[in-house]
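A quick write-up on the structure given underneath.
Keep in mind that the numbers below use all heavy atoms, side chains included, and drop hydrogens, waters and symmetry copies. Letters A, B, ... mirror the listed sequences (proteins, then strands); counts begin at 1.
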There are 2 protein chains.
Amino acid sequence: MEIPSTAPLLDRETKASERPGDHKDELRLWLRMLTCSTLIESEIRTRLREEFKTTLPRFDLMAQLEKSTTGMTVGEVSQRLMVSNGNVTAVVAGLLTDGLVDKRPAAQDRRVQVLTLTAQGRRAFKAMAERHEGWIAELFADLGPAEIGQLFRLLGGVKASLHQAISNRQNGTPTAAGETE
Amino acid sequence: MEIPSTAPLLDRETKASERPGDHKDELRLWLRMLTCSTLIESEIRTRLREEFKTTLPRFDLMAQLEKSTTGMTVGEVSQRLMVSNGNVTAVVAGLLTDGLVDKRPAAQDRRVQVLTLTAQGRRAFKAMAERHEGWIAELFADLGPAEIGQLFRLLGGVKASLHQAISNRQNGTPTAAGETE
DNA sequence: TGAAATCATTTTAAACCTAAAATAATTTCG
DNA sequence: CGAAATTATTTTAGGTTTAAAATGATTTCA
């Protein structure tokens with residue numbers, strides 16, 4: 001299971017995409033990460049529904065608005081949450097009905113809809129955010145602060161690697177990996 | 001940003017759920033993990049669609065069947081993939097149409113439907129799985145084997161902590177955390 | 001045997017997501 | 001000015017997911 005710390009230098013320096021077979025470790029890592037994310041996400045969905053009768057997309061959208069003092073446009077929110085504009089429109093529709101969000105055309109650019117939390121929306125979000133933070137802490141309760149810090153740092157590296165790989169591909173992968181295929 | 005390695009023993013031993021405020025580190029860790037998972041998942045979805053004209057749920061389902069020599073029931077698959085039975089039924093319907101999966105009642109228990117990959121399904125899955133493994137390796141390409149091993153190990157701890165917290169809650173949380181609320 | 005309970009699956013309804021097309025407002029530039 | 005291009009949003013259609021209710025098959029046990 002453990003990666004030997006005496007791995008040959010060749011292995012350490014060879015990009016994974018250049019070795020032909022054996023990428024099982026990366027695959028196992030991804031499957032484990034996926035398991036963790038899925039468990040957390042579905043637990044949070046359950047608790048939001050049971051305790052606040054709301055959904056994760058609604059919570060996430062309100063969280064974005066709460067961070068912005070001047071409000072956000074539909075497009076900004078959709079980029080931030082990595083979902084489509086149409087989806088933001090639909091989720092906002094529900095929040096408008098419940099009086100949690102306010103939508104109005106921008107002063108300078110009347111194409112743009114500016115979204116803000118209402119006073120009621122801010123109160124509701126504050127209550128949910130506090131509980132949410134507690135739930136996450138509970139879920140990670142068996143980990144010490146050192147482990148949490150280490151994970152945060154390592155996942156920073158993962159994030160950078162992902163951005164690298166994804167942008168490479170979206171252009172024309174002008175790297176060695178591209179030549180071999 | 002870094003957690004000092006000389007953190008007082010009290011901190012290391014205090015359960016996160018027993019401290020009142022400050023759970024920001026856990027929250028930041030979760031948000032970063034979610035970012036990584038979402039990036040990977042949507043990249044894999046895109047590539048499966050572009051290169052194989054299929055979807056992630058189909059791929060995941062075929063992966064389960066491929067691992068089992070004797071076939072699996074709808075219920076087993078739904079547990080494994082953490083989705084509903086109804087969902088499995090629907091995804092299987094598509095795979096049946098394409099001749100990738102076979103469905104037949106079990107010999108001993110005629111309530112149960114046994115799912116297996118067809119010969120064509122096995123061939124198709126083999127091709128996809130090879131590419132999939134390569135994609136994952138590309139996405140993690142900037143990480144060394146030591147980092148991958150470390151992450152895998154730490155996420156094992158996360159997984160254990162999640163199971164702990166979730167099962168505690170589903171019974172009656174007979175822990176100290178329960179008393180305080 | 002046969003009624004009740006249990007287990008597995010299917011059906012249904014509602015919410016959500018995406019992609020593509022349609023609509024609306026603004027900017028650019030002749 | 002005003003047509004064309006751009007930008008932002010909404011609408012539409014198709015597909016996926018979940019939860020809950022309904023259905024079907026088997027087991028238990030009096």
Side-chain angles (χ1 to χ4, degrees), chain A residues 34 37-39 41-50 52-62 64 71-98 101-116, chain B residues 34 37-39 41-50 52-62 64 71-98 101-115 170:
Chain A
L34 182 59
S37 294
T38 305
L39 278 173
E41 198 174 311
S42 78
E43 185 67 13
I44 297 300
R45 279 182 201 272
T46 299
R47 297 190 187 198
L48 281 174
R49 190 178 56 248
E50 287 181 357
F52 294 105
K53 303 207 191 317
T54 190
T55 65
L56 188 53
R58 283 182 183 220
F59 178 77
D60 288 342
L61 201 153
M62 291 177 77
Q64 289 304 320
M72 295 175 77
T73 68
V74 171
E76 284 167 350
V77 172
S78 97
Q79 275 197 315
R80 225 67 179 71
L81 297 181
M82 298 195 267
V83 299
S84 70
N85 286 349
N87 182 19
V88 172
T89 301
V91 174
V92 164
L95 294 170
L96 283 170
T97 303
D98 294 351
V101 161
D102 182 77
K103 178 173 87 167
R104 60 185 56 182
Q108 339 86 306
D109 186 340
R110 272 177 299 172
R111 296 171 305 173
V112 179
Q113 298 289 329
V114 178
L115 307 171
T116 51
Chain B
L34 182 60
S37 294
T38 304
L39 278 173
E41 198 174 312
S42 78
E43 185 67 13
I44 296 301
R45 278 182 202 272
T46 299
R47 296 191 187 197
L48 280 174
R49 188 176 60 246
E50 287 181 357
F52 294 104
K53 302 208 191 315
T54 191
T55 64
L56 188 53
R58 283 183 180 219
F59 178 78
D60 288 343
L61 199 152
M62 291 177 78
Q64 289 304 319
M72 296 175 78
T73 68
V74 172
E76 285 167 351
V77 172
S78 97
Q79 275 197 315
R80 223 72 177 67
L81 297 181
M82 297 195 269
V83 299
S84 70
N85 287 348
N87 182 20
V88 172
T89 300
V91 175
V92 164
L95 293 170
L96 284 170
T97 303
D98 294 352
V101 161
D102 182 77
K103 178 172 87 167
R104 59 186 56 182
Q108 339 87 303
D109 186 341
R110 274 177 299 173
R111 294 172 306 175
V112 179
Q113 299 288 329
V114 177
L115 307 172
Q170 278 174 349

Give every pair of a protein N or O atom and an N or O atom of nucleotides 3-6 of chain D that lie under 3.5 Å apart, one pair per line with the distance.
none

Atom CD of B:Q113 and atom OG1 of B:T89: how far apart are they, to the nearest 0.5 Å?
9.0 Å

What's the spacing between A:L34 CG and B:D60 CG if we round to 0.5 Å?
7.5 Å

For nucleotides 11-23 of chain D, just jot down a letter per nucleotide in 5' to 3' order: B, S or -, based on protein non-hydrogen atoms under 4.0 Å.
B----SSBS----

Using a 3.5 Å cut-off and no angle test, enumerate the donor-acceptor pairs between side-chain atoms of residues 73-82 of chain A and protein atoms at least two apart in sequence or in another chain.
from  : atom 1 : to    : atom 2 : distance (Å)
A:T73 : OG1    : A:G75 : N      : 3.4
A:T73 : OG1    : A:E76 : N      : 3.0
A:E76 : OE1    : A:T73 : N      : 3.0
A:S78 : OG     : A:G75 : O      : 3.3
A:S78 : OG     : A:N85 : OD1    : 2.7

Shortest non-hydrogen pair, A:V114 vs A:A106, comes out as CG2-CB, 3.7 Å

If you compare every side-chain N and O of B:R110 against the phosphate oxygens of D:dG24 (OP1, OP2), does one of them come in below 4.0 Å?
no

Nearest-0.5 Å distance, CG of residue B:L48 to CZ of residue B:R58:
11.5 Å

With sequence neighbours excluded, tell me which residues meet salt bridge (Lys or Arg N to Asp or Glu O under 4.0 Å) with B:R47.
B:E43, B:E138

Quick one: pull up CG in B:L115 and CG in B:L95 and give me the separation to the nearest 0.5 Å.
9.5 Å

Exactly one of B:N87, B:V92, B:V83 should register a side-chain contact (heavy atoms from CB on, under 4.5 Å) with B:L61. Which one does?
B:V92

Just jot down the salt bridge (Lys or Arg N to Asp or Glu O under 4.0 Å) partners of A:R49, sequence neighbours excluded, or say none.
none

Could you give the start and end, 5' to 3', of the contact zone on DNA chain C for chain A, using atoms under 4.0 Å from its heavy atoms?
C:dC16 to C:dT26

